[in-house]
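These numbers come from a predicted model, not from an experiment. Below, chains carry the letters A, B, ... as their sequence lines are ordered, and counting in each starts from 1. No hydrogens, no waters, no symmetry mates; every other heavy atom, side chains included, goes into these values.
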There are 2 protein chains.
Amino acid sequence: MSTLWNRSRQAAITEVIGVAMDLFLDKGFEATTFDDIAAAAGISRRSLFRYFGTKEDIVLFHLSGEGPQAAAALAARPDDEPLWTALLNVMLLIEDHGGDPARLLKISEMMYGTPSLRARSLEKHLQWQADLLPEVKRRLGTTSGDLQAAAVIASALACMDAAGEAWTRAAGTVPLGHLLTDAFDAMAQAAR
Amino acid sequence: MSTLWNRSRQAAITEVIGVAMDLFLDKGFEATTFDDIAAAAGISRRSLFRYFGTKEDIVLFHLSGEGPQAAAALAARPDDEPLWTALLNVMLLIEDHGGDPARLLKISEMMYGTPSLRARSLEKHLQWQADLLPEVKRRLGTTSGDLQAAAVIASALACMDAAGEAWTRAAGTVPLGHLLTDAFDAMAQAAR
DNA sequence: TGCCTGATTGACACTGAGTGCCACTCTGAC
DNA sequence: GTCAGAGTGGCACTCAGTGTCAATCAGGCA
């Protein structure tokens with residue numbers, strides 16, 4: 001209900017994320033306090049906590065919608081495509097979000113360089129895992145259960161993470177798509 | 001240096017871990033405070049912080065030594081064994097730590113049921129990754145770099161994690177070795 | 001034995017995350 | 001215009017985590 005309200009709330013959240021990101025990238029993630037963000041965003045600390053339970057949530061907020069998106073992309077892949085290839089193609093699609101490349105790199109560096117953020121982003125993978133599970137299970141066939149599907153998805157996400165880290169370490173000079181492909185190929189190679 | 005000292009410090013740490021684990025399993029992880037643990041262990045809160053920087057560290061302490069152990073086990077596998085098979089065999093060896101099964105299950109349930117612990121344990125994987133990297137790189141051959149090796153290791157750890165979660169969900173009624181094998185097989189199957 | 005030195009410990013104080021509570025305000029419905 | 005419901009801000013609180021400093025303990029040495 002109350003779409004008008006939802007719109008303005010969404011706008012407020014987007015606004016806060018922008019302000020907070022600027023602070024994070026400027027002062028560093030750990031050095032930025034909730035008070036700093038609340039003051040910069042012009043809301044009370046208490047309200048900020050109602051939007052985002054933790055500082056990590058502010059950074060990771062935009063990732064939360066990508067799970068279902070990935071699930072849809074996977075369902076759209078042809079049925080005769082090998083699962084590992086299909087997952088690679090899904091990752092190649094998902095990673096393709098625009099935005100300022102330099103800023104994206106700085107955010108990546110912050111993510112991979114801040115232990116608590118890294119940990120929380122790994123935790124986010126669990127949500128992806130749940131989102132992708134049904135379609136992966138279907139493709140694996142009736143002999144496979146949740147475990148098999150979860151193992152494959154978790155491996156794919158692990159490869160994506162490895163590629164992301166390599167991209168960050170290379171300061172974005174190598175296309176992420178190439179690194180993703182390399183990681184998935186290496187895994188396939190190792191398994192034969 | 002000072003081996004005598006190190007021995008008694010080690011004993012103290014082991015003692016504290018035991019006390020803390022009892023509290024965690026009794027009251028729950030989140031509900032147990034540093035004050036509780038310090039009081040039960042008979043040391044000051046400040047000293048407890050010197051042993052363990054965070055509550056999560058107390059639980060995860062015993063996992064920290066397994067990275068080098070896994071690296072040694074991998075180096076001991078025959079050179080002509082396929083990498084993925086070798087990694088599975090390493091995991092099968094490592095998981096074989098004795099101890100009370102019921103307690104182990106309760107600890108596992110706590111780990112998989114507490115977000116902050118789950119996140120930190122995923123973070124621990126990064127250390128394993130670093131430990132295993134050289135040997136995996138060697139086995140992948142000269143054409144592969146850090147990314148390829150990291151992707152394969154991260155996938156293996158992801159499979160191990162999926163198996164561990166399945167084991168916990170099954171309340172330990174299925175041998176972890178079986179689940180590990182299933183997970184690794186599923187991944188190999190998906191990649192061909 | 002008794003002193004010296006270095007490391008550990010415990011007590012205190014402080015910052016910051018995160019939560020509960022309550023009064024205030026805004027908005028839409030009647 | 002009033003009422004109900006949801007959001008907001010302020011306050012106080014708990015707990016994690018850190019810096020500081022004085023007290024203490026253990027071992028080396030005269």
Using atom types as modelled and distance alone, determine if a side-chain donor or acceptor of Arg139(B) lies under 3.5 Å from a backbone N or O of Ala86(B). no
Identify whether the distance between the nearest side-chain nitrogen and carboxylate oxygen of Asp146(A) and Arg169(B) falls below 4.0 Å. no
Taken to the nearest whole Å, CG/Leu48(A) to P/dG18(C) is 10 Å
Among the nucleotides dA11(C), dG18(C), dT18(D), whichever has the atom closest to the side chain of Phe49(B) is dT18(D)
When rounded to whole Å, the CD to P distance for the pair Glu30(A) and dT15(C) reads 19 Å
Asp36(A) atom CG is separated from dG16(C) atom P, nearest whole Å, by 8 Å
**Study point:** Short side-chain N/O contact to dT8(C) OP1/OP2 from Tyr51(B), under 4.0 Å
**Key:** no
> Would one find a side-chain N or O of Ser44(A) under 4.0 angstrom from OP1 or OP2 of dG9(D)?
Replying inline: yes
Polar atom pairs (N or O), protein with nucleotides 11-15 of chain D, under 3.5 Å:
none

Taken to the nearest whole Å, CZ/Arg120(B) to C1'/dA16(D) is 13 Å
Worksheet entry | Under 3.5 Å donor-acceptor, Glu135(B) side chain and Leu132(B) backbone | no
Separation of dG9(D) atom P from Ile43(A) atom CD1, nearest Å, is 7 Å
Separation of dG16(C) atom C1' from Ile58(A) atom CD1, nearest Å, is 14 Å
Whole-Å distance, Glu56(B) CD to dA17(C) P, equals 16 Å
Side-chain ion pair, Asp79(A) and Arg138(A), N-O less than 4.0 Å:
yes
Rounded to whole Å, the CZ-C1' distance (Phe52(A) to dG7(D)) equals 16 Å
I'd like to know if Asp22(A) pairs up with Arg103(A) as an ion pair, taking the criterion as any Lys NZ or Arg NE/NH1/NH2 lying under 4.0 Å from an Asp or Glu carboxylate oxygen.
yes
inquiry  = Check this for me: does any side-chain nitrogen of one of Glu165(B) and Arg118(B) sit under 4.0 Å from a carboxylate oxygen of the other?
reply    = yes
Original post:
Is it true that a side-chain atom of Asp161(A) and a backbone atom of Leu157(A) form a donor plus acceptor pair closer than 3.5 Å?
Top reply: no
